[in-house]
Amino acid sequence: MTLSQQLPLSQPVLPSHQLDGSVLPALRQSLLTWYRQAGRELPWRSQQDPYAIWVSEIMLQQTQVKTVIPYYHRWLQQFPTIATLAIADQQQVLKVWQGLGYYARARNLHRAAQVIMQQHQGQFPDQLPAILALPGIGRSTAGGILSAAFHQAWPILDGNVQRVLARLVALPCPPRQALNALWQLSAQLLDAQHPRDFNQALMDLGATVCTPQQPTCQNCPWQPHCQAYDQGMQSSLPMREPTVPLPHKTIGVAVIWNDQGQVLIDRRRQSGLLGGLWEFPGGKVEVGETVVECIVREIQEELGIEIAVAQHLVTIDHAYTHFRVTLVVHCCRHIAGTPQPLACDEVRWVTLEELDQFPFPKANVQIIEALHSHPPT
DNA sequence: TAATCGTGGCA
DNA sequence: TTGCCAAGATT
């Protein structure tokens, strides 16, 4: 054993991913002081309505503040209370959410509003078990709501907090492999006298100072305590998961016109990708198959109708979280048969003017834009 | 436990 | 153009 590895028994040394409890007051105080001076002013911070705070927490899952803000205002204008949300139609709910992504969040908000009306007399619950029981709310969102709306001292652990804490203790593995330790850290650090401001401050620190790229450590209240900074590791922490290459699919898509000047759209099933949204029908181009052959086959299989594939309309590249797609869109003509919802929840013939009443995913909005700029001949 | 689930912005 | 990542939850 070298001299540097000999440690005094009277002063036990913590593993590198834990904190010395004696620094907690200084960490809390410096963060709260920084927050009062440099914290962001955000719409949901200026009021106390648990419903509005809940909506913001759900919208902010995996989504940046700048993206959320216009959606947040539109949502509260459309659904100002839990009761108005509960009685709304799901299509109306998804339409307001259109473009924000992760559409299960909107479906779960809608369902949870109905649960609150039925089981909590329309009042958002203020106890952890009841909040966790609502669809779409996990441990971190529950902590965010309880601290922000009810001033209860529950910890949070979103992406910002994971990054801040991983740097603070120079976490020697990707955060996902140490969630238990990070939750303990978040709970240990939390200022029980100021849970709302502390949690908000922790997220602001991650969003504005302890950023993923080029953190501005000179502005950080925790720089004197940061093990990553001390080791010059702030740019390479937190450690990353090994990345797998995204698979790619080519999808043949049909814009099918009938003799009444209407196009055919279908509503996707509730579960899975883009659940509950509308789309132009189509499917994956198989090996050894042309796009035109694919479109004819898919429309026969999924809608039970016969079509004639006409001119190419547009090709759209789009990246989802776990794969990329190329949509090759053709105009088509309805030949025979009544469309049936064989692989979807619903099918409808609609005019071009009616399309904007339905919630569509982004790639399909691009198809609609192409239709408007290249109307059928 | 690990895969699934959108979109926008940035380098 | 590509990769990475953002106020995570669900199954």
Side-chain angles (χ1 to χ4, degrees), chain A residues 39-40 42-45 53-72 94 97-109 111-112 131-148 155-164 166 174-177 179-180 182-183 186 196 199-208 210-215 235-236 238-248 268-277 279 316-326 359-366:
Chain A
R40 294 174 293 180
L42 300 173
W44 40 90
R45 286 181 180 167
I53 291 170
W54 168 40
V55 169
S56 76
E57 290 285 340
I58 301 300
M59 286 187 170
L60 287 161
Q61 290 170 359
Q62 302 295 105
T63 310
Q64 294 185 341
V65 164
K66 183 165 57 170
T67 304
V68 163
I69 285 177
Y71 282 91
Y72 172 79
L94 288 173
W97 199 273
Q98 175 179 310
L100 198 52
Y102 287 135
Y103 296 92
R105 295 183 294 173
R107 300 195 305 269
N108 286 334
L109 264 174
R111 282 175 46 215
I131 293 178
L132 275 178
L134 295 172
I137 300 183
R139 191 174 172 184
S140 188
T141 299
I145 295 171
L146 278 168
S147 59
I156 58 173
L157 191 63
D158 60 9
N160 283 317
V161 178
Q162 289 181 29
R163 183 174 57 256
V164 169
R176 202 166 59 81
Q177 298 175 24
L179 289 183
N180 214 347
L182 291 172
W183 272 110
S186 182
R196 171 180 172 132
N199 280 343
Q200 298 294 315
L202 204 47
M203 289 189 283
D204 269 19
L205 188 67
T208 66
C210 194
T211 50
Q213 315 295 333
Q214 299 173 337
S235 293
S236 53
M239 293 181 67
R240 297 186 178 89
E241 304 277 352
T243 62
V244 294
L246 296 183
H248 177 267
R268 296 174 62 89
R269 289 179 167 152
Q270 287 288 308
S271 61
L273 186 72
L274 307 169
L277 275 73
E279 66 177 2
I316 297 161
D317 286 305
H318 190 74
Y320 295 101
T321 306
H322 283 85
F323 63 96
R324 293 182 299 118
V325 294
T326 299
F360 284 93
K362 186 207 169 198
N364 276 257
V365 170
Q366 292 180 254

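In what follows, every chain begins at residue 1, and chains take the letters A, B, ... in the order their sequences are listed. The basis for the numbers below is simple: all heavy atoms, side chains too, and nothing from hydrogens, waters or symmetry mates.
A straight line from CG of A:Asp158 to P of C:dA6 spans 9 Å, rounded to a whole angstrom. Distance A:Arg105 CZ to C:dA9 C1': 10 Å, rounded to the nearest Å. Per the geometry, CD belonging to A:Glu241 stands 13 Å off C1' belonging to B:dA3, to the nearest Å. In this structure, A:Leu100 places its CG atom 9 Å from P of B:dG8, rounding to the nearest Å. The distance between atom CD1 of A:Ile131 and atom C1' of C:dA9, rounded to the nearest whole Å, is 16 Å. Atom P of nucleotide C:dC5 and atom CD of A:Gln213 are separated by 7 Å, given to the nearest angstrom. In this entry the distance linking OH of A:Tyr71 with C1' of C:dA7 reads 17 Å, nearest Å. Rounded to whole Å, atom P of C:dG8 lies 15 Å from atom CE of A:Met59.
Among the protein residues, A:Leu277 comes within range of no part of the nucleic acid, since none of its heavy atoms lies under 4.0 Å from any strand. Using a 4.0 Å heavy-atom distance criterion, A:Arg268 is classed as making no nucleic acid contact. Contact annotation for A:Ala319: base contact, defined as any heavy-atom pair under 4.0 Å involving a base atom. Using a 4.0 Å heavy-atom distance criterion, A:Gly275 is classed as making no nucleic acid contact. In this structure, A:Gly206 reaches neither bases nor backbone, as no heavy-atom distance under 4.0 Å exists between it and the strands shown. A:Ile137 comes within 4.0 angstrom of sugar-phosphate atoms only, judged by non-hydrogen atoms across all strands, and of no base. If you check every strand for non-hydrogen atoms under 4.0 Å, A:Trp44 touches a base.
Which of B:dT7, B:dC10, C:dA7 sits closest to the side chain of A:Tyr320 comes down to B:dT7. Among the nucleotides C:dA7, B:dT7, B:dG6, the one closest to the side chain of A:Gln200 is C:dA7. When distances run from any side-chain atom of A:Ser140 to the nucleotides C:dA6, C:dG8, B:dC5, the shortest one goes to C:dG8. The side chain of A:Met203 has C:dA7 as its nearest neighbour among C:dC5, B:dT7, C:dA7. Among the nucleotides B:dC5, B:dG6, C:dA7, the one closest to the side chain of A:His322 is B:dC5. Of all nucleotides listed (C:dC5, C:dA7, C:dG8), C:dG8 comes nearest to the side chain of A:Tyr102.
Proximity of A:Tyr103 to the phosphate of B:dT7: a side-chain N or O atom is located under 4.0 Å from OP1 or OP2. In this model, the phosphate group of C:dA9 is approached by a side-chain N or O of A:Thr141 to a distance below 4.0 Å at OP1 or OP2. Contact annotation: A:Arg163 reaches the phosphate of C:dA6 (side-chain N/O to OP1 or OP2, under 4.0 Å). The side chain of A:Gln61 contributes no N or O atom lying less than 4.0 Å from OP1 or OP2 of C:dA7. Taking only side-chain nitrogens and oxygens, A:Thr67 never comes nearer than 4.0 Å to OP1 or OP2 of B:dG9. One finds a side-chain N or O of A:Lys362 lying less than 4.0 angstrom from the OP1 or OP2 phosphate oxygen of B:dG8. Look at A:Arg176 and you won't find any side-chain N or O under 4.0 angstrom from OP1 or OP2 of C:dG8. Close to B:dG6, at under 4.0 Å from its OP1 or OP2, lies no side-chain N or O of A:His318.
Proximity of a side-chain donor or acceptor of A:Ser56 to a complementary backbone N or O of A:Trp54 within less than 3.5 Å is not detected. In terms of modelled atom types and a separation under 3.5 Å, the side chain of A:Asn364 and the main chain of A:Glu279 share no donor-acceptor contact. Formation of a donor-acceptor pair under 3.5 Å by the A:Arg105 side chain with backbone atoms of A:Leu100 is found in this model.
Nucleotides B:dC5 and C:dA7, compared at atom P, are 23 Å apart to the nearest Å.
Map A:Arg324 and A:Gly136 each onto its nearest nucleotide of DNA chain C; the residue landing nearer the 5' end is A:Arg324. Where A:Arg111 and A:Thr243 each meet DNA chain C at their nearest nucleotide, the meeting point lying more 5' is that of A:Thr243.
Atom CZ in A:Arg176 sits 4.0 Å away from atom CD in A:Glu241 (nearest 0.5 Å). Here A:Gln162 contributes atom CD and A:Ser186 contributes atom OG; the two are 10.0 Å apart, rounded to the nearest 0.5 Å. The CG atom of A:Asn108 sits 15.0 Å away from atom OH of A:Tyr103, with the distance rounded to the nearest 0.5 Å.
Between A:His318 and A:Tyr320, the angle of the ring planes goes over 60°, which puts this pair in the perpendicular group of the 30/60° scheme.
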